[in-house]
Student: 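Sharing a structure below in structure tokens format, with a few things to ask.
Predicted, not measured: the structure shown is a model, and the values here were computed from it.
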Amino acid sequence: MNDGWSNASSPFTLAVCAEMVFKSLPVIDRLKRITELGFHAEIWDWTKHDVAALARSGAVFSSMTGYVTGTLADDDGADELLRTAKQSIPIARELNCPRLNLHGTGLDGQGLPVVKADKVTGAMWLKARDTLSRIADLGEKEGVTFVLENLNEAVDHPKTPFAKAEDTLALVSSVNRPALKLNLDLYHAQIGEGNLIELCRRALPYIGEIQVADVPGRMEPGTGEINYKVIAGALKDMGYRGTIGMEAWASGDDEMALGRFRDAFTV
């Protein structure tokens, strides 16, 4: 079902979140389909998967959640984040997965923050920066890259601390270490901030990965208001050659959704 797919290659490495497409299939079969279609794969919470089976699937993994529980901005939560980040590193090694994803706080099964924040205080900023410096120490010691993802509060993740891309960029740039980068999610940024091309330009030195979905609906590019073809051209012109991950639901046929994603980022 790849009618209309471009034969040209993308200047970016394209990855697809296995948690959100081919939902009728077991995850191993989803990974095989993603791989057969020429994409790298991403997963969320590794504790919910048979890691040995993932490793045998033949998929090339681009990113995974890099902690199980913990938060950035309080002492106990920071210690827990570091503890479970350490647990995630051997899993990343088994999967040969280069990036481990973080959030401002743990998220529950509905994507809601485990520790809600009506406002973020100066003390919370300082603690978060300290926590991320410790994460960067861990990443440099273990040879992995942690990436901090922005979220949105208006639709999916209300009262999440450090949700905006401006927040994650401020934190990552203040730490300014090679083992800590941004997972710049443009779906979340469009809902929370907009001005996506300029955001990418300012964030460029700190980007470890970019994730995409369209708005509204969090479906594949071409289903909403974001002109991803223009963004792709701008990213190419900026010199970005990293990973673009589709973290989106399919609006209909899964293969067609992946084809739209590929076409949007073939420039």
Side-chain angles (χ1 to χ4, degrees), residues 1-66 88-101 143-147 149 181 183-187 207-214 218-223 228-229 231-232 235-236 240-267:
M1 293 224 30
N2 54 2
D3 296 346
W5 286 33
S6 171
N7 290 321
S9 61
S10 173
F12 317 108
T13 298
L14 301 183
V16 175
C17 179
E19 313 280 357
M20 301 179 76
V21 296
F22 300 114
K23 291 283 287 177
S24 64
L25 300 176
V27 69
I28 299 303
D29 292 331
R30 296 181 211 173
L31 290 169
K32 289 178 179 176
R33 292 298 298 125
I34 289 167
T35 302
E36 288 166 358
L37 293 167
F39 298 95
H40 290 191
E42 305 190 347
I43 59 166
W44 292 339
D45 182 356
W46 55 265
T47 67
K48 294 181 169 27
H49 296 293
D50 179 338
V51 175
L54 296 182
R56 293 192 301 268
S57 70
V60 177
F61 290 94
S62 174
S63 73
M64 54 176 265
T65 303
S88 301
I89 287 172
I91 307 302
R93 286 210 181 98
E94 187 171 353
L95 299 178
N96 197 26
C97 184
R99 283 177 294 277
L100 289 84
N101 199 45
V144 298
T145 302
F146 287 93
V147 290
E149 182 184 6
K181 296 288 187 180
N183 181 357
L184 184 61
D185 190 307
L186 297 184
Y187 161 78
I207 294 174
E209 177 174 344
I210 293 171
Q211 288 186 330
V212 300
D214 221 328
R218 201 175 186 179
M219 293 181 286
E220 76 272 10
T223 56
Y228 274 118
K229 196 73 171 178
I231 291 172
L235 286 168
K236 181 181 178 183
Y240 182 73
R241 296 295 184 271
T243 296
I244 309 281
M246 189 183 93
E247 192 179 47
W249 311 107
S251 62
D253 178 78
D254 293 90
E255 289 193 23
M256 188 62 69
L258 270 59
R260 288 175 172 171
F261 168 51
R262 190 195 303 276
D263 287 346
F265 286 95
T266 300
V267 289

Student: So D29 and R33, side-chain contact (heavy atoms from CB on, under 4.5 Å) or not? Walk me through it.
Tutor: CA-CA 6 Å; D29 292 331; R33 292 298 298 125; 5.6 Å; no

Student: Is there side-chain contact between N183 and E209, with heavy atoms separated by less than 4.5 Å?
Tutor: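 N183 reaches E209 side chain to side chain.
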
Student: Going by the rule ring-ring contact (aromatic ring centres under 6.0 Å, His included), which residues pair with F265 if we only count those two or more places apart in sequence or in a different chain?
Tutor: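 F265 satisfies ring-ring contact (aromatic ring centres under 6.0 Å, His included) with Y228, F261 once adjacent residues are dropped.
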
Student: So how far is it from L258 CG to I34 CD1, rounded to the nearest 0.5 Å?
Tutor: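 Separation between the atoms: 6.5 Å.
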
Student: Test side-chain contact (heavy atoms from CB on, under 4.5 Å) on Q211 and M246 and set out the steps.
Tutor: CA-CA 6 Å; Q211 288 186 330; M246 189 183 93; over 6 Å; no

Student: State, with a plain yes or no, whether a side-chain heavy atom of L235 is found less than 4.5 Å away from one of I244.
Tutor: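 They are in contact (side-chain heavy atoms under 4.5 Å apart), so the answer is yes.
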
Student: Run the side-chain donor-acceptor check on residues 11-25: report pairs under 3.5 Å with partners two or more places apart or on a different chain.
Tutor:
residue	atom	partner	partner atom	Å
E19	OE2	W44	N	2.8
E19	OE2	H49	NE2	3.0
K23	NZ	E19	O	3.4

Student: Between E220 (side chain) and S251 (backbone), is there a donor-acceptor pair under 3.5 Å?
Tutor: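 Here the side-chain-to-backbone pair exists.
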
Student: What's the spacing between K229 NZ and T266 OG1 if we round to 0.5 Å?
Tutor: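 K229 NZ to T266 OG1: 5.5 Å, rounded to 0.5 Å.
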
Student: Measure the spacing between OG1 of T243 and CD1 of I207 and express it to the nearest 0.5 Å.
Tutor: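 Interatomic distance, T243 OG1 to I207 CD1, rounded to 0.5 Å: 11.5 Å.
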
Student: Start with the C-alpha gap between V147 and K181, add the side-chain angles, then the distance that decides, and say whether side-chain contact (heavy atoms from CB on, under 4.5 Å) holds.
Tutor: CA-CA 5 Å; V147 290; K181 296 288 187 180; 3.9 Å; yes

Student: Which atom pairs, donor and acceptor, lie under 3.5 Å between side-chain atoms of residues 55-64 and protein residues at least two apart or in another chain?
Tutor:
residue	atom	partner	partner atom	Å
S57	OG	L54	O	2.7
S57	OG	A59	N	3.2
S62	OG	E42	OE2	3.4
S62	OG	R99	NH2	2.8
S63	OG	E42	OE1	3.4

Student: Please find the pair of heavy atoms, one from A232 and one from V267, that lie closest to each other, and give the distance.
Tutor: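 For A232 versus V267, the nearest heavy atoms are CB-CG1, 3.7 Å.
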
Student: Below 4.5 Å, heavy atoms only, C-beta onward: do T223 and R260 meet side chain to side chain?
Tutor: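 T223 vs R260: side chains touch.
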
Student: In Å and rounded to the nearest 0.5 Å, what is the CG to CG distance from L186 to D214?
Tutor: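 If we round to the nearest 0.5 Å, L186:CG and D214:CG are 10.5 Å apart.
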
Student: Once rounded to the nearest 0.5 Å, what's the spacing between atom OG1 of T65 and atom CD of E149?
Tutor: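 Between T65 OG1 and E149 CD, I get 8.5 Å after rounding to 0.5 Å.
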
Student: Please walk me through it: do I231 and V212 pass side-chain contact (heavy atoms from CB on, under 4.5 Å)?
Tutor: CA-CA 11 Å; I231 291 172; V212 300; over 6 Å; no

